[in-house]
Amino acid sequence: MLLIDWLIVLAYLIFTMVLGVYLSRKASGSLVDFFVSGRSLPWWLAGTSMAATTFSIDTPLYVAGVVGSRGIAGNWEWWSFGIAHVVMIYIFARLWRRSEVVTDAELTEIRYGGKTAALLRGVKAFLFAVPINCIGIGYAMLAMVKVVDALELWQSLGIEPNQSMKLWSVIVVSILVLFYAGFSGLWGVVATDFFQFFLALFGAIVVAIASVISVGGMQNLINQAQTNTDFDILSILPITFNGGLGWSTVAGIPASAFTAYVFLQWWAFRRSDGGGEFIQRLVAAKNESEAEKAAWFFNILHYVIRTWPWIIVALAAVAIYPDLADRELGYPKLMLDFLPPVLLGLVVASLIAAFMSTVSTLINWGASYLTNDLYGRFINPDATQAELVNVGRMTSVIVTALGATAAFFASDVATVFRLVIAIGTGPGLVLILRWFWWRINAAAELSSMVAGFLIGLLTSSAPWFQIDDFGLRLLVTAGMTTVIWVIAMFATPPESDETLDNFYRRVRPGGPGWQKQRQRTGVRPLQNLGLEFKRVIASLLLLFGAMFAVGGFLLLNSLGGWLSLIVAVAGWFWLRHLNRQPIVPVPRPGLDDDDILP
């Protein structure tokens, strides 16, 4: 990098710090101000922040590795979560906003009661804030180290660094993130996320365009990438029908893995009803409608818009560097080899932006558990709001330090990504059912969470229990966890009528699972589950149809593009029809059902 590139990066860092400090005044009033922005986020800011959270510096490296080793079909490892994210739009977004919690762990003592609920809240807060969250920060830092190494940033300053020095350089950037995340809370995180997301997206598009030009156009890129692999790197599905030969695997992932991704992973994962960082933004939205819009906006940005620049760069890396040992390094190598000065500085700044957006979210999210669900709940329940804000800032430092520690032990982005999925698989079905079935109790959720974590960890890393087939690993983890939580649920008593009635009055979910509570309270649900399920199906057709239509046209597959576009349009028309159906009226806050607005 030249001096002009370094100046661009420095200017970006200064801008981020100034913005974070400016917004710190918005986060000083109370715990709600600090961790959920006073519940005043507009949909476009909340949705962009959700998308920025999932766009870390590790994600383009991860996609480059996936496509290089498993083809485009390998992306179903994360595309499958699109099902859960669409379900989040219509089934869960409004429920979370009505719950008015600060963290998803807090919901446990609203949905359940007694000592088991308190234990569940504490265990959940600790697991999410420390091991799971810090592993996420650690592998984001690992990806940053790989980029620093591949771009030879220290060497451009005339310094020959060792591995430890590279990591410390990343930790310094993390301290800068801590500076604004710790002072300004969620307001600083989401405001900087907005600029960071579009800068990171711009960087990905620039690298994609430069890559295509470097190989002489899209057709040459496609041909060369296919020539350099011994599987169908362009296949979106891992199986095709070969005439009289039947179904066969043609892509780089086995059918078992694809089946696990699409039919198991999205509902068995711990984010099946939204996910911690997403929930934080949904409950921070101005109202239920804004939360729903934020969830939709996130899906469009995350799947339709952002997918294909990453994939095109990954294909270019396969075409240009056929013998590259570490496929994850294809992304930064293309930047270094084909971007001119100024553009290189902007794209390096975009990767730093992606890194900072994710790490700032994880710091704030982890600190919210430690502050709201451990300190404020168990250590000092009488703490003042000012004290809780200060504790939130101190725990932000703790989370950052633990994440930096985890970075020293991480070695491979894709491997750690799979570990995060594995240790989070198992409790997803319980998290879904707790909203719609009164019989789910605290023992069921606690056992599912602990069992899923331990089984996922053992099958991922323990020599005697390790399962190499990732699809089989998820199936075993989910299956064993389900057996454990079902036994725990029926071996323990249900929650009290008072607890269940209070939860139902607060959230008012639909479906037959709350019939007893509906009769006891006389309160109607604010959700039409039958209609919402239809909306989910229509939206899945729209979202995945639009995503594959964009990909089909970009990769010169006109037939696939047009067929996908037809599916997307059909989903859109169906969704429009469903949206015209009457929606359950919502009462003004503080009024009875008899006072419902017309």
Side-chain angles (χ1 to χ4, degrees), residues 1-24 45 48-49 51-61 137 140-141 143-157 159 166-210 301 306 309-310 313 331-332 334-336 338-364 400:
M1 287 193 5
L2 302 180
L3 178 60
I4 183 64
D5 299 313
W6 279 107
L7 290 175
I8 290 172
V9 172
L10 181 62
Y12 161 73
L13 292 174
I14 293 174
F15 167 77
T16 304
M17 295 304 105
V18 170
L19 181 61
V21 171
Y22 172 75
L23 291 170
S24 62
L45 188 54
T48 305
S49 180
T53 296
T54 57
F55 190 169
S56 181
I57 195 170
D58 60 272
T59 39
L61 271 66
I137 294 175
M141 289 185 178
M144 187 70 182
V145 169
K146 297 182 79 166
V147 170
V148 169
D149 193 15
L151 293 178
E152 300 178 349
L153 296 185
W154 282 108
Q155 289 87 333
S156 68
L157 295 174
I159 302 172
K166 296 170 191 171
L167 183 55
W168 279 112
S169 65
V170 174
I171 292 174
V172 169
V173 176
S174 301
I175 292 173
L176 294 176
V177 177
L178 172 66
F179 183 75
Y180 72 80
F183 271 97
S184 57
L186 189 63
W187 262 117
V189 172
V190 296
T192 52
D193 275 353
F194 182 80
F195 296 101
Q196 288 166 343
F197 173 79
F198 288 106
L199 178 58
L201 181 62
F202 167 78
I205 293 172
V206 166
V207 178
I209 293 173
L301 293 175
R306 193 168 56 189
W310 290 343
V313 172
Y331 193 97
L334 286 168
M335 292 170 51
L336 192 61
F338 297 104
L339 292 183
V342 178
L343 270 183
L344 179 59
L346 285 171
V347 175
V348 170
S350 77
L351 285 179
I352 295 175
F355 170 76
M356 294 175 73
S357 65
T358 295
V359 172
S360 64
T361 289
L362 293 177
I363 290 172
N364 185 266
T400 306

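Computation of the quantities below employed the complete heavy-atom set of this structure, encompassing side-chain atoms and omitting hydrogens, waters and symmetry-equivalent molecules.
Judged by distance alone, with hydrogens and angles left aside, the side-chain atoms of Ser49 form no donor-acceptor pair with the main-chain N or O of Leu45 at under 3.5 Å.
The two residues Ala208 and Pro309 come nearest to each other via the heavy atoms CB-O, 3.8 Å. Residues Pro60 and Tyr331 approach most closely at CB-CE1, 3.5 Å, considering heavy atoms. What you find for Asp5 and Gly345 is that their closest heavy atoms are OD1-N, 3.0 Å.
Rounded to the nearest 0.5 Å, atoms CZ (Phe55) and CG (Leu301) are 11.5 Å apart. A distance of 10.0 Å separates OG1 in Thr361 from CD1 in Ile137, rounded to the nearest 0.5 Å. Interatomic distance, CZ of Phe338 versus CG of Leu344, reported as 13.0 Å (0.5 Å rounding). Put simply, CH2 on Trp310 and CG on Leu61 are 11.0 Å apart, with the number rounded to the nearest 0.5 Å. Interatomic distance, Leu199 CG to Leu351 CG, rounded to the nearest 0.5 Å: 9.0 Å. Here OG of Ser350 is found 11.0 Å from CD1 of Ile8. Values are rounded to the nearest 0.5 Å.
Considering only residues two or more places apart in sequence or on other chains, Phe197 meets the ring pair (Phe, Tyr, Trp, His ring centres under 6.0 Å) condition with none of them.
Less than 6.0 angstrom separates the ring centroid of Phe194 from the ring centroid of Phe198.
For the residue pair Arg306 / Thr59, no side-chain donor-acceptor distance below 3.5 Å is found, with atom types taken as modelled.
Contact annotation: the side chain of Leu346 never approaches that of Val206 to less than 4.5 Å [non-hydrogen atoms, C-beta and beyond]. Side-chain contact between Asp193 and Thr53 is present, with at least one heavy-atom pair separated by less than 4.5 Å. In this structure, the side chains of Pro341 and Leu3 stay at 4.5 Å or more apart for every pair of heavy atoms.
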